[in-house]
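The structure appears right after this line, and notes come after that.
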Amino acid sequence: MPLLAGFCLVAFFIWAAENLGTFATVWVYPHQRHGWRLVGFGKFGAWLLLLVISFILVSFAHSRRRRRKNPAEGGSEARSVAESGSL
């Protein structure tokens with residue numbers, strides 16, 4: 001399955017769960033005070049953006065940690081030890 005399709009599916013299910021939560025009055029948005037209405041589809045885009053940005057940030061942080069652990073790929077061993085604060 002393509003990564004973007006997976007992100008879209010996850011975002012859709014989160015949006016659907018958000019609608020179920022507001023229908024069950026677990027929480028209520030201001031526009032739902034006088035009766036339940038569907039959460040706007042714009043929230044789907046917000047969930048999708050959150051997933052994509054989170055994936056990118058975690059991937060970036062993970063690759064930096066991997067480079068620090070393997071000094072042969074990322075620079076001298078002394079520099080990686082100094083960066084980790086083990087001195």
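Along the sequence shown, residues are numbered consecutively beginning with 1.
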(request) Give, for atom CH2 of Trp36 and atom CG of Asn19, the distance between the pair rounded to the nearest 0.5 Å. (result) 5.0 Å
(request) Taking the side chain as every heavy atom from C-beta outward, state whether Leu9 and Met1 have any pair of such atoms under 4.5 Å apart. (result) yes
(message) Could you work out, with side-chain hydrogen bond (donor to acceptor under 3.5 Å, both in side chains) as the rule, every residue matching Trp47, not counting sequence neighbours?
(response) Glu18
Side-chain donor-acceptor contacts of residues 50-62 below 3.5 Å, not counting sequence neighbours, with atom names and distances?
from: Ser54; atom 1: OG; to: Leu50; atom 2: O; distance (Å): 2.7
from: Ser59; atom 1: OG; to: Phe55; atom 2: O; distance (Å): 2.8
from: His62; atom 1: NE2; to: Arg66; atom 2: NH2; distance (Å): 3.3

(request) Would you kindly confirm whether Trp27 and Phe23 end up in one hydrophobic cluster when ILVMFWY residues are joined by side chain heavy atoms under 4.5 Å apart? (result) yes
(message) Over 60° means perpendicular and under 30° means parallel, so tell me whether Phe41 and Phe44 are parallel, tilted or perpendicular.
(response) parallel
(message) If hydrophobic clusters are built by linking Ile, Leu, Val, Met, Phe, Trp and Tyr wherever their side-chain heavy atoms come under 4.5 Å apart, do Val28 and Ile14 end up in the same one?
(response) no
(message) Starting from Leu49, can I reach Val39 by hopping between I/L/V/M/F/W/Y residues whose side chains sit under 4.5 Å apart?
(response) no
(message) Which residues end up grouped with Leu20 if you chain together Ile, Leu, Val, Met, Phe, Trp and Tyr wherever their side-chain heavy atoms are less than 4.5 Å apart?
(response) none
